[in-house]
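Shown next, in structure tokens, is the structure this report addresses.
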Amino acid sequence: MLKNWAFDEGKPDKDTCKARLKQLRQELAGLQQRLRQAQLPVVILLEGWGAAGKGSAIRSLIRELDPRFFKVLTVNQPTKEEQRWPFLKRYFSSIPEAGKLLFLDSGWISETAQSYLCGDLSETEFFRQLESIQTMERQLTNGGYLLVKLFFHIDAKQQHDRLYKLASHRDTSWRASEADWRQNKNYDRYLDCFDRCLEATDTPWAPWKVIDSSHKVSAQLQAAEWLYQQICAALESRPEACMPEYHWPLEPSPLLAQVSLDKTMEDKRYRKELKACKKRLAELHNELYRKKVPVVLVYEGWDAAGKGGNIKRLASALGPRGYEVIPIASPTPDELSRHYLWRFWTRLPKTGHIAIFDRSWYGRVMVERLEGFCSEDDWKRAYDELNEFERELTDAGTVVLKFWVHIDKQTQLERFQDRKRDPAKQWKITEEDWRNREKWDAYQKAVDEMLQKTSTQNAPWHILESVDKRYARIKAMKLVIHAIEQAL
């Protein structure tokens, strides 16, 4: 896309460009109201060479916009803490609410190219990171986002002259960074890398627009025209992205009806094993912190199956500053206005910490599916999206374990009735629990499909037979211990 680029040698009429640009700014301001009405979120990514004019283009684009409904984010190279996160985390965490715009001054392309050319990414890791970018852009598009991607292109001489001019004045010298000079010195290497990045991520649903940035006013006009066209087209018909055909390496998982629920543990053995498991978990938690390994534990299961008690016993073995239990309820308005995975990307544990999710992203293929909170296309597509999400976690070194806490229908009824009779437990039983119970068969079918399609080798499901809660608690703790030992 860039190597054979022919720069326009003619000089554009500056007055004509300025007049058209002024008109486009007004039109973009009008579009901003339509975006809010349509609840269309927009991410505008401005990539390109140092000193190519990205900053001035952003100033031009936002001049007439309502500042309450857009944000400008300058993306620098990741900090040491951010480098330990999954690559996509800081980008997915920053996505705008429905109806708002986010301008990214550099982003995932600059980060990838810089990391690769500085030797922080191998060739294999470079391709894997490009695959992560493709995944994120596709997920955002199918989640209702518009992605507008601009690359500001200048030749090596223009870049050198602009950097020299910036460096020559004390008020602007800071803008000619060491990284920019390194880029200019190695222009051909960066050109080749940028070209590979753009070609790998140029798709019908998120195409790249290369901006000839030889003349800044002309470049600003090109950017404004492209942004206006893309928003108008998306307001008429939102883009849809094609899902790749995956062949996930899956672990075999039995149907729930085939799981034997007669496993028990007598009290004396339970207490002995509980003490031993707690001691070992405490030791491993210290080692996790020292080696900076994050852990994500997911608990799903039937109402009254014993998730809370299971989590309580496991958490009691951990240092209180090193873990968090995250109960997932119905999404808040703030969460509903973003991609459904946003609230999970923003709650991932720091390195060396443990996040325990009491319900999780799997609501997409269970409650949201069965209660009609998302379309059939949405929940069918979600199996692959959830596998992609967990692959990003495990590729970054996160230990991921998923538990389905299982009981039979009769046991659930007995526990519901016990809760109803006990004043100390009545808060645990709601009308929604009874309504869900009436849909037992539909939920079981959905859970079976979930287990079959998302029990990957890197993030497998484990069924906890919880008619005897003591047995289920010890089984969960032993599985966690084994997984952490393997990771360490």
Side-chain angles (χ1 to χ4, degrees), residues 21-22 24-36 38-79 82 88-114 133 136-137 140 144-154 162 166 171-172 174-177 179-180 201 206 208-211 213 216-217 219-231 234 334 337-339 342 345-346:
L21 191 54
K22 182 178 180 180
L24 271 172
R25 290 194 194 110
Q26 295 292 337
E27 292 175 352
L28 284 170
L31 281 184
Q32 193 178 15
Q33 303 306 314
R34 291 180 60 191
L35 287 175
R36 291 184 60 208
Q39 291 291 284
L40 174 63
V42 185
V43 176
I44 303 103
L45 173 64
L46 295 94
E47 294 277 15
W49 299 95
K54 298 187 295 295
S56 56
I58 291 174
R59 287 196 300 273
S60 173
L61 290 170
I62 67 174
R63 186 173 297 179
E64 298 299 330
L65 299 182
D66 188 330
R68 295 173 297 174
F69 305 111
F70 73 82
K71 182 178 180 180
V72 177
L73 184 62
T74 300
V75 181
N76 298 309
Q77 284 300 107
T79 64
E82 290 170 337
L88 297 182
K89 182 182 186 302
R90 67 176 180 148
Y91 297 112
F92 227 112
S93 298
S94 65
I95 60 175
E97 302 168 60
K100 295 187 178 182
L101 301 98
L102 172 68
F103 292 86
L104 286 175
D105 183 1
S106 299
W108 44 88
I109 296 300
S110 292
E111 179 181 343
T112 300
Q114 181 79 1
I133 292 170
M136 178 181 65
E137 292 184 355
L140 288 177
Y145 281 73
L146 170 63
L147 285 175
V148 180
K149 303 187 301 188
L150 307 167
F151 189 93
F152 287 74
H153 192 26
I154 51 177
R162 291 184 186 185
L166 291 171
D171 290 337
T172 58
W174 61 273
R175 291 172 55 190
S177 69
D180 291 334
T201 57
W208 279 103
K209 172 64 175 177
V210 178
I211 302 292
S213 200
K216 289 191 176 181
V217 176
Q220 293 167 20
L221 177 58
Q222 294 170 60
E225 287 177 333
W226 183 254
L227 178 59
Y228 180 80
Q229 293 167 12
Q230 292 294 294
I231 292 176
D334 192 42
S337 69
R338 290 179 170 88
H339 192 281
W342 176 79
W345 274 111
T346 56

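Starting from 1, each residue takes its place in the sequence as its number.
Not a single donor-acceptor pair under 3.5 Å links the side chain of E82 to the backbone N or O of R90. Remark: the backbone N or O of R338 is not paired with any side-chain donor or acceptor of Y145 at under 3.5 angstrom. Remark: side-chain polar atoms of W208 are not paired, donor with acceptor, to backbone N or O of L150 under 3.5 angstrom.
Annotation for W342 and S93: closest pair NE1-O, 3.0 Å, computed over non-hydrogen atoms. Looking at every heavy atom in both residues, P96 comes nearest to P41 through O-CB, 4.1 Å. A pairwise comparison of heavy atoms in R36 and G99 identifies CG-O, 3.5 Å as the closest pair. Across all non-hydrogen atoms, the minimal contact from A224 to L61 is CA-CD2, 3.6 Å. The shortest non-hydrogen separation linking L166 to A176 is CB-CB, 4.2 Å.
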Compile the donor-acceptor pairs under 3.5 Å between side chains in residues 43-57 and protein atoms, sequence neighbours left out, one pair per line.
unit_1: E47; atom_1: OE1; unit_2: S110; atom_2: N; d: 3.4
unit_1: E47; atom_1: OE1; unit_2: S110; atom_2: OG; d: 2.3
unit_1: E47; atom_1: OE2; unit_2: G107; atom_2: N; d: 3.0
unit_1: E47; atom_1: OE2; unit_2: I109; atom_2: N; d: 3.0
unit_1: E47; atom_1: OE2; unit_2: S110; atom_2: N; d: 3.2
unit_1: W49; atom_1: NE1; unit_2: H153; atom_2: ND1; d: 3.0
unit_1: K54; atom_1: NZ; unit_2: W49; atom_2: O; d: 3.1
unit_1: S56; atom_1: OG; unit_2: G53; atom_2: O; d: 3.1

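Between the NZ atom of K209 and the NZ atom of K149 there is a distance of 14.5 Å, given to the nearest 0.5 Å. Interatomic distance, K100 NZ to D66 CG, rounded to the nearest 0.5 Å: 10.0 Å. Interatomic distance, CG of L88 versus CH2 of W345, reported as 4.5 Å (0.5 Å rounding). Between the CD atom of E64 and the CG atom of L28 there is a distance of 10.0 Å, given to the nearest 0.5 Å. In this structure, CZ on F151 lies 11.0 Å from CD1 on I211, to the nearest 0.5 angstrom. The distance from the CD1 atom of I95 to the CG atom of L73 is 12.5 Å, given to the nearest 0.5 Å.
Contact of the L101 side chain with the Q32 side chain is registered, since non-hydrogen atoms from C-beta on lie closer than 4.5 Å. Side-chain contact between F103 and L65 is present, with at least one heavy-atom pair separated by less than 4.5 Å. Two residues are said to be in side-chain contact when any heavy atoms from C-beta on lie closer than 4.5 Å; L221 and V217 fail this criterion. Residues L140 and F92 have side chains in contact (heavy-atom distance under 4.5 Å, counting atoms from C-beta outward). Between Y91 and V75, the closest side-chain pair of non-hydrogen atoms falls below 4.5 Å.
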Run Q220 and R63 through side chain to side chain contact (heavy atoms under 4.5 Å, CB included) and show every step you take.
CA-CA 12 Å; Q220 293 167 20; R63 186 173 297 179; 5.9 Å; no

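Partners of D180 according to the side-chain hydrogen bond (donor to acceptor under 3.5 Å, both in side chains) rule, which considers only residues two or more places apart in sequence or in another chain, are S177. With sequence neighbours left out, N76 forms a side-chain hydrogen bond (donor to acceptor under 3.5 Å, both in side chains) with no residue at all.
The local environment of NZ in K89 is crowded, with over 12 non-hydrogen atoms from other residues, nucleotides or ligands closer than 6.0 Å.
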